[in-house]
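These notes concern the structure reproduced below.
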Amino acid sequence: MSDSPNHYNAVTYLLDRNVDQGRGAKVVFKDPVSEITYGELQTQTRRLANLLKRLGIHREERIAMMMLDTIDFPVVFLGAIRAGVVPVPLNTLLTTEQYAYVLADCRARVLFVSAALLPVVKDVLGRMPDLQHVVVSGGDAQGHLKFSDELAKESDQSETAATHPDEPAFWLYSSGSTGMPKGVRHLHSNLEATAETYAKQVLGIREDDVGLSAAKLFFAYGLGNALTFPMSVGATTILNPERPTPAVMFDLIARHDPSIFFGVPTLFAAMLNDETYKSQPRTKRLRVCTSAGEALPELVGQSWKDRFGVDILDGVGSTELLHIFLSNAPGDIKYGTSGKPVPGYDVRLVNENGADVPDGEVGELIVNAPSAGEGYWNQRSKSRQTFEGGWTRTGDKYTRDAEGRYTYCGRSDDMFKVSGIWVSPFEVESALIAHPAVLEAAVVPAADSEGLLKPKAYLVLRAGTDMANLDGALKEHVKQKIGPWKYPRWIEVVEALPKTATGKIQRFKLRDATSA
C-alpha cells in the first residue's frame with residue numbers, strides 16, 4: 001500500500017515498483033509474436049494514458065476491452081488504471097447482442113478490440129450513443145483507429161492519477177450463465193489484496209516463476225493468474241490468445257516449460273484423456289498447478305498427480321471476490337475438497353435463517369473478503385442480496401469437516417432433496433466419472449411418476465464404450481460409492497454437455513430440458 005492512506009494507484013504496486021526495484025529489463029509478458037519487459041510496459045502504459053487523454057476520456061469514465069490475450073491487453077488495462085480511467089474487460093466469447101447489452105450498460109466511451117473480434121460487434125457499434133472511438137489491435141482497423149499507430153504518437157511521460165484505494169479501478173462482468181452479465185465494480189486495492197493473500201501465502205509465487213494460465217485475462221481467475229500474481233513479485237507470464245485446447249496447452253507447456261500452470265477442471269480432464277498426448281513427458285520446471293471455476297473431481301486431481309508428478313491446488317473463487325478465497329495448499333491437499341480458507345478471508349456456512357451450521361451439515365458459503373467488489377453496476381436489488389455488509393454470499397453449498405476442510409455440494413439452486421435428504425449433484429457426478437466408461441457427467445433433479453424428485457444423469461461417454469449393461473452397472477457403481485438413495489434413476493447419454501465460456505456445466509439448461 002502507499003504511505004498515504006488517501007493516494008493509491010494499483011499500477012504503482014504492480015508495475016512501477018518492479019521498475020524501481022531494478023526489474024526494468026526483465027520480461028513480464030510473452031505472447032506468440034512478441035515480448036515486453038517491465039520497463040517497456042511502463043513506457044507503453046504511460047503512452048496509453050496519454051492516448052486516453054487525447055481521445056477526451058476523463059478520470060472515472062469507462063473504456064471497454066474486447067481483447068485477446070496478447071501484450072496489448074495489459075498495456076490497455078494498466079494504462080487506463082494509471083490514468084484513473086476504468087477499464088472493463090469483456091468476455092471474448094459473447095454473442096453480438098450480449099456485447100450490445102454490456103457496451104450500453106457500462107457506457108463505454110472507447111472500445112479497444114482485437115481485429116479478429118471486430119466482426120462480432122461491427123453491426124452494433126452505431127447503436128452505442130456513449131461510444132466515441134473504436135481502437136483496433138493486431139490487424140486491419142477497417143476505418144477505425146489503429147492501436148499501434150495511435151500509441152506511437154504519444155509521449156512516454158505521464159503522471160499517474162492520484163487515485164484512492166477505495167476508488168473503482170476496473171469492472172468485471174459476471175459470466176451471466178443464467179441471464180445477462182452483471183458488472184462488478186472492483187477497487188484499486190483489490191488487486192493487491194489477492195496477491196498478498198492467495199498468491200503469496202498459498203500459491204507461494206516467486207520472482208523466478210513463469211506462469212501459464214488457461215483462463216483468459218478477462219476472467220477474474222485469469223486476471224489474477226496471468227497479471228496480478230506474476231507482477232506482484234516480478235515474475236513472467238506466457239500469454240495465449242488461442243482457445244485453450246489440450247493440443248494448444250501441451251504445446252505451450254513443451255515450448256515454455258512454465259513453473260505454474262493455472263487450469264480448470266474440464267481442461268485437466270480433457271488433457272488427461274487426449275489420446276494424442278498420452279505419452280507427453282513430464283516437464284522440468286512445473287512445480288504446481290491450480291484449478292478453479294468449479295470443483296475439481298478427486299479422480300481428476302489424483303490422476304494428474306500420478307501422471308505428471310505435480311499437485312493441483314483446487315480452490316474456489318468468484319468474480320465478486322476477484323479470486324480464490326478457499327483452497328488446498330502445498331503440503332495440505334485432500335482431493336475432492338476445496339481445502340481451507342485463504343489467510344485473510346473469513347468463511348462461514350449458514351442456513352436459510354443466517355445461522356451457522358455445524359460440521360457435516362450443508363450450508364451456504366458466505367465470505368468476508370478484502371478483495372470483495374463494492375457492488376453490481378445499476379443492480380441495487382441484486383447488490384443487496386449478494387453483498388451484505390462485510391459478507392458476500394457466494395450462492396455455493398458446502399459442508400465442513402472436523403479438520404476445517406470444505407467440500408463442495410453444488411450451487412444453491414442446483415441442490416435438491418431425495419427422501420428428505422440433500423443430494424449434491426457434484427457428488428453424484430464425481431461418482432459417475434470415477435467409472436471408466438464416463439468422461440463427463442451432469443446430474444439434475446427429475447420427477448418420478450409420483451411427482452417426487454430423484455437424480456437424473458446426463459453422460460458423455462469415452463470413445464469406444466460398450467453400451468451393453470452399462471445402465472445398470474453405472475447405477476450400482478454410484479450406490480456402492482456414495483449411497484443407495486443417491487444413484488441416478490435415469491441415465492441419458494449425450495454428445496456434449498452445455499457449458500459456460502469458463503467450462504462450468506449449465507445444469508439449469510438440463511433442468512429446463514428435463515422438466516419440459
Side-chain angles (χ1 to χ4, degrees), residues 10-11 15 29 31 33-34 36 40-41 43-94 96 98-128 130-154 158 161 168-173 181 183 186 216-219 222-223 226-227 239 241:
V11 168
L15 178 54
F29 294 108
D31 68 20
V33 298
S34 60
I36 190 170
E40 291 166 341
L41 182 59
T43 296
Q44 293 295 73
T45 59
R46 287 172 173 169
R47 293 183 188 276
L48 194 284
N50 288 330
L51 172 59
L52 293 176
K53 183 177 181 180
R54 171 160 63 87
L55 295 178
I57 311 305
H58 303 105
R59 179 169 163 176
E60 300 180 16
E61 291 182 331
R62 272 85 63 194
I63 63 165
M65 297 174 59
M66 190 177 160
M67 303 181 72
L68 300 174
D69 279 24
T70 69
I71 286 169
D72 287 350
F73 187 111
V75 170
V76 175
F77 184 79
L78 295 171
I81 291 176
R82 183 185 293 283
V85 172
V86 178
V88 185
L90 304 182
N91 186 329
T92 58
L93 301 174
L94 299 181
T96 299
Q98 286 174 319
Y99 283 123
Y101 169 82
V102 173
L103 288 171
D105 185 62
C106 72
R107 301 175 195 154
R109 300 284 306 283
V110 181
L111 170 64
F112 287 85
V113 57
S114 294
L117 302 175
L118 184 58
V120 185
V121 290
K122 65 178 183 179
D123 292 337
V124 302
L125 296 178
R127 291 158 40 189
M128 303 294 108
D130 297 294
L131 191 64
Q132 296 184 339
H133 306 280
V134 175
V135 184
V136 180
S137 159
D140 183 3
Q142 299 184 34
H144 300 292
L145 300 177
K146 187 173 180 62
F147 180 72
S148 56
D149 292 347
E150 297 304 317
L151 205 61
K153 297 175 184 178
E154 299 301 330
S158 174
F170 61 100
W171 295 5
L172 294 176
Y173 272 81
H186 278 291
K216 301 301 185 181
L217 284 162
F218 62 76
F219 293 126
L223 183 66
L227 188 146
L239 295 178

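- Proximity of Ser137 to Val113: side-chain heavy atoms (C-beta onward) are nowhere separated by under 4.5 Å.
- Side-chain contact check for Asp72 versus Met67: some heavy-atom pair is nearer than 4.5 Å.
- Looking only at distances, no side-chain donor or acceptor of Ser158 sits under 3.5 Å from a matching main-chain atom of Asn50.
- The minimum heavy-atom distance between Met128 and Ala104, with the atom names listed, is SD-N, 3.7 Å.
- The structure places CG of Leu103 at 10.0 Å from CG of Asp130, a figure rounded to the nearest 0.5 Å.
- Atom NZ of Lys216 is separated from atom CG of Leu93 by 9.0 Å, given to the nearest 0.5 angstrom.
- For the atom pair CG of Leu217 and CG of Asp69, the computed distance is 4.0 Å after rounding to the nearest 0.5 Å.
- The heavy-atom pair separating Ala115 from Gly139 by the smallest distance is CB-CA, 3.6 Å.
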Next on the checklist: Evaluate Leu78 against Leu227 for side-chain contact (heavy atoms from CB on, under 4.5 Å), listing each step before the verdict.
Outcome noted: CA-CA 10 Å; Leu78 295 171; Leu227 188 146; 4.2 Å; yes
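- Here CD1 of Ile36 is found 5.5 Å from CD1 of Ile71. Values are rounded to the nearest 0.5 Å.
- Looking at heavy atoms from C-beta onward, Gln98 lies out of side-chain contact with Tyr101 at the 4.5 angstrom threshold.
- With sequence neighbours excluded, the residues that form a side-chain hydrogen bond (donor to acceptor under 3.5 Å, both in side chains) with Arg127 are Glu97.
- Once rounded to the nearest 0.5 Å, the distance linking CZ of Arg59 with CG of Leu52 reads 14.0 Å.
- The side-chain hydrogen bond (donor to acceptor under 3.5 Å, both in side chains) check on Gln44 picks up Arg47, with sequence neighbours excluded.
- No side-chain heavy atom of Leu55 sits under 4.5 Å from any side-chain heavy atom of Glu150.
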Next on the checklist: What verdict does the side-chain contact (heavy atoms from CB on, under 4.5 Å) test give for Val121 and Leu111, after you've listed the backbone C-alpha separation in whole Å, the side-chain angles of each residue and the deciding distance to 0.1 Å?
Outcome noted: CA-CA 10 Å; Val121 290; Leu111 170 64; 4.2 Å; yes
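- Ring geometry for Phe112 versus Phe147: interplanar angle over 60°, hence perpendicular rather than tilted (30 to 60°).
- Under the 4.5 Å side-chain criterion, counting only non-hydrogen atoms from C-beta, Leu118 is not in contact with Asp140.
- Val88 approaches Arg62 most closely through the heavy-atom pair CG2-CG, 3.6 Å.
- Minimum heavy-atom separation, Leu48 to Gly79: CD1-C, 3.7 Å.
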Item to check | Test side-chain contact (heavy atoms from CB on, under 4.5 Å) applied to Val136 and Lys146, step by step | outcome: CA-CA 5 Å; Val136 180; Lys146 187 173 180 62; 6.0 Å; no
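- Between Phe29 and Thr70 there is no side-chain heavy-atom pair separated by less than 4.5 Å.
- Taking all atoms of both residues into account, the shortest heavy-atom contact from Val75 to Thr45 is O-CG2, 3.8 Å.
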Next on the checklist: Evaluate Met66 against Tyr99 for side-chain contact (heavy atoms from CB on, under 4.5 Å), listing each step before the verdict.
Outcome noted: CA-CA 9 Å; Met66 190 177 160; Tyr99 283 123; 3.4 Å; yes
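- The closest side-chain heavy-atom distance from Glu154 to Lys53 is not below 4.5 Å.
- Taking 4.5 Å as the limit, some side-chain heavy atom of Pro89 sits within range of a side-chain heavy atom of Phe73.
- The side-chain contact (heavy atoms from CB on, under 4.5 Å) with Phe218 is formed by just one residue from the set Leu68, Leu90, Thr92; it is Thr92.
- Applying the side-chain hydrogen bond (donor to acceptor under 3.5 Å, both in side chains) test between Arg109 and each of His58, His133, Gln132 identifies Gln132 as the sole match.
- Distance CG/Leu151 to CG/Leu145: 12.0 Å, rounded to 0.5 Å.
- Here the closest non-hydrogen pair linking Ile81 and Phe170 is CD1-CD2, 4.4 Å.
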